[in-house]
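Start at 1 and go down the list; that is how both ligands and their atoms are numbered. Predicted, not measured: the structure shown is a model, and the values here were computed from it. Residue numbers run from 1 in the order of the sequence given.
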Amino acid sequence: MLPKRIIYPLAILLMAAACSQGPKDPVDQKVEALLKQMTLDEKLGQMTQICFSEITLTGDKNLDMHPELFREAVLNYHVGSFLSGTGPAQKWVDFVTDMQRIAVEETRLGIPLIIGIDHVHGANYVDEGTMLPHNITLSCSFDTDVIARAAAITAKETADLGMVWNFAPILDVGKNAWWPRLYETYGEDPLVCAKMGAAFVKTYQDPQYADPYRLAACAKHFIGYSDPRSGHDRTPAEIPDQILYEHHLPPFKEAIGAGVMTVMANSGEVNGVPVHVSYKLLNDLLRKELGFDGVLLTDIKDIFKVYDEHRGAFSEKDATLRAIEASVDMSMACNAFTFIYLMKELIDEGKITEERIDQSVRRILRLKFDLGLFDNPYPRSDRLHRLNSDEHVAEARKLAEESIVLLKNENDLLPLHTSGKRILVTGFAAHSKKMLNGAWTLEWLGAEEERQPENMRTVYQAISKEFPDARVSLFETAADGSITSEGTFRNAVNQNDIIVLTLGEEPYSEFRGNISDLNMPPQQKRLAELAGAAGKQVIFVLVQGRPRLITNIEKHADAILFAGYPGQGGADAIAGILSGRVNPAGRLSFSYPRYPGNVIPYYHKEFSKPQNLYEFGHGLSYTRFTYTNLRVNNTTFTTPKQEISLSFDVSNTGQREGDEVVLAFFRQERGHITRPVRQLFYFDKIHLPAGEKQTIEIRINPMEVFAYPDENNQLILEEGEFTMMVGEMEQVLTYHK
Ligand code: BGC
C-alpha cells in the first residue's frame, strides 16, 4: 500500500489530469498548441509536398535553389515538405540548411520542413553515397541481418544531410516477373518480404544510427501495386480480397508492427478502384484494421492522376475529396499547388471539415516533433566522412557476396582454375558501373558513367584484379548488348579460354521498364549462342532486375550467376565467386520461369503447376549441405496455440566452410478453399565449417503459422493434416480438436 503522503499529491494530480481538457502526452500538447495558432492556409501547406525541381534554378533535381520560387512555395503557399534532389553531400547540407533557415526564420510559426528522398539502395541520391545492392539482390541472402546492415549504412549516410524521410522500404510482393519494379522488392514470398521489410524499418528508424537526428521510413506502396495484370507499371490489378490478405498484406502488417512512421499509397488501381481514392483499402483496411495512425502520403502527383490517367474521378476536385475521405494526409503534389486551391474550395463548399484537416495536420506535426525537427532542423557537415567510408565500402561488397546466386555450375567449372588462361569479359555490363548500380542511382534512371562512384570496379576490372595469373581482355558491346560485327566477336571468343558474358537489362525505373516479352533480348541471346558455339568455358553473369528468360541459351553456359543489381561492390563479389574466394550462398527469392506463358510464384495452387528453370530457393554452393533427422515433439495438436517444436540437422558434408540458407515449408493438405502447394514458414542463414553439423529447432505456434485468411478475410485454422517439408524430408502434423 502507498504511504499517505504520496497518495495525497497523486490524487490531486490525477484529478487535475481528469479535469483538464487537452491531451496528456507532451508531444500531443505541443501539436495542439501549434495547431491552434495555424490558419487554414498554413494547415493546407503542411499537407502539401513539392518536388525540388519546382524550386531549383535549373528546374531539375540539382541542388541550386531558386530563392524566389522557394520563398513563394514556403511563404505564400506555406508548403511544409519537399522531395527528391541529387548532388554532393556538402551541397545537400547547404541546400537543406538554406531551406530550413527560411522555413524556421521567415515563416510566421517557424515550422521546419520535412524532406523526403528515395534512398532505396543506400544513400543513392548523394554523390558520395555507398551504392548498395538493390533489394532483389539482397533478398537472395535470405538473411534479415543483411537487410539491417544495409539499412544502418543508409541511415548513417542519410541522416546528416537533412533528408529525414526515406521512401523505403518497398513492401510490394514481387510475384509478377514482368513488373518493372520487381528489383525493388524482396522477392515473391510474403514472409520474406514481411521479415525483411520489418528489419529495414526497425534499423532505419533506430535512433542509434542517425543520432542526434531521427529518421522515418515509409512503407510503400499500399497495397496491391506489384501484380498488375498486364505486367506494366501502374496498370490495373485484379486481386481477390483473399489473395490481398494472404499475400500482399503481411509485409505492411509487419512493418506497422515494427513501428513504421509513414505509408505511401499505391498509385495503381485494384479491382477497378484507384487505390488513392479507395475508402475500403485506405480507411477501412490500413487505418481501421491495421491500426495505422501515422502519415499517409500519396505517390507522385497521384491525386491528379486518379482523374487524369485512371479516369477514376469526374474532376481533380472529385479525386481530391475522395482521397481525403479515404484518409490521405499529404499530397505529393510535386509540381502544382492545385491541391491547396481545391481543398479550399471543398472546405468552402462544406464537403471537407476543418476537423478532418486537423486530423491530418496533427499527424504531420506529430511526425515532425517525433523526428526532432523542431529542436534540430539543420543538417551538419562534420561527419561527412561517414559516407563511403572504408567500412561501408567493404560492407557493400560483403552484402553482394552474401546475396549473389550461383544458379548453375556444370562439372564444377567454378571456382575457376585460371593459371595461364585467357579470360574474355564481355556483354553489356562488362565494363560499366551504371549497369551494376542500376536505377535510382543519383538519377531516377541511373546516372551516367562519369557520375558513378570512383572507388568501384567494373566486372572487367574486378576480374583482372582477381586473376593476376590470367590474361584478361574486354570486348565491349552497346548498352543493350548489341555488337556491330559478329566476326570480330567470334574472333575475340576464339582467342580466349573462358568467356564471362554479362547478360540482362540496362537500368530502368517504373514505366520505363515496361516490357511485353520476358525473353532475354535477341541481340543478347545471339551473343550467348556465339559464345556457346566456340566450345569454350562460358559463364553467364545475369545483371538484371527480373528473370529475363534464358531457357534457350542456358545450355551454352557451364556456369550462371544471378547478380541482380549488385551495387558498387558487385563486381568484386562476382569476381570473388568466380575465383572461389567467396563461397556463394545466395538463393533465389523468386521463381525463375522457363516459359513466358507460365510465370507463377512457388506458392501456387495445385492446378497451375509452374514450369520453372530454377525454383524459388535454388542456389548452389562450393560445399554440400545435407538435411537429416526431422523430428517433432508431437505429431498431433489439439488447440490453436499449442506449441509444436520441430527440429532437424543440417550438415556440411563438403570440403569447405560455407553458409547455408535454411528454408522450411509446409502444406495444408486440405482446406475448405484451395491452399498453396508449399508455403515458407521459416528461413535463416547459418554458417557451417566443413564436416560440422548444426541442429535447427523451430517452435511453431499453429495459429501464427497455419492459420490463413478465408474468403471473408477472417483468420481461420482448420482441422486436418499439415505436411512439414525440410530438404527432402517430410513430416505430417495433425490438428484434431
Ligand atoms: C514512385 C515512388 C517514389 C516517388 C518519389 C514515384 O514515381 O512510385 O516509389 O517514392 O516517385 O520519388
Subject >> Student check: side-chain heavy atoms of Leu249 and Leu290 closer than 4.5 Å >> reply: yes
Could you list the atoms of ligand 1 found under 4.0 angstrom from a heavy atom of [X]?
X	result
Arg181	1 (C), 2 (C), 8 (O), 9 (O)
Lys220	2 (C), 3 (C), 9 (O), 10 (O)
Leu83	5 (C)
Ile300	6 (C), 7 (O)

Subject >> Under 3.5 Å side-chain donor-acceptor pair for Arg356 and Ser360 >> reply: yes
Does the N or O separation between [X] and ligand 1 drop below 3.5 Å for any pair?
X	result
Glu510	yes
Ser267	no
Trp440	no

**OP:** Please determine if Arg322 forms a cation-pi arrangement with Tyr279, meaning its NZ or CZ atom is less than 6.0 Å from the six-membered ring centre and no more than 45° off the ring axis.
**Re:** no
**OP:** Answer yes or no for Arg386 and Tyr209: cation-pi contact, defined as NZ/CZ to six-membered ring centre under 6.0 Å and angle to ring axis within 45°.
**Re:** no
For [atom], find the nearest protein heavy atom and state the residue, atom name and distance (0.1 Å precision).
atom	result
atom 6 (C) of ligand 1	Asp299 OD1, 2.9 Å
atom 9 (O) of ligand 1	His221 NE2, 2.7 Å
atom 10 (O) of ligand 1	Asp118 OD1, 2.6 Å

**OP:** Flag yes if more than 12 heavy atoms outside Arg229 fall under 6.0 Å of its CZ atom; otherwise flag no.
**Re:** no
Original post:
Nearest heavy-atom pair of Ala265 and Asp299: which atoms, and what distance?
Top reply: O-CB, 3.8 Å
Original post:
Closer than 4.0 angstrom: is that true for some heavy atom of Gln49 and an atom of ligand 1?
Top reply: no
Original post:
Which is it for Lys61 and ligand 1 at heavy atoms under 4.0 Å: side chain, backbone, both or neither?
Top reply: neither
Original post:
Where does Glu184 meet ligand 1, judged by heavy-atom distances below 4.0 Å: at the side chain, the backbone, both, or neither?
Top reply: neither
**OP:** Describe, in one word, how the ring planes of Tyr125 and Trp440 are oriented to each other, choosing from parallel (under 30°), tilted (30 to 60°) and perpendicular (over 60°).
**Re:** perpendicular
Subject >> Salt-bridge contact Arg234-Asp172 (side-chain N to carboxylate O under 4.0 Å) >> reply: no
**OP:** Compute the centroid of each ring, for Phe222 and then for Phe292, and state whether the two points are separated by less than 6.0 Å.
**Re:** no
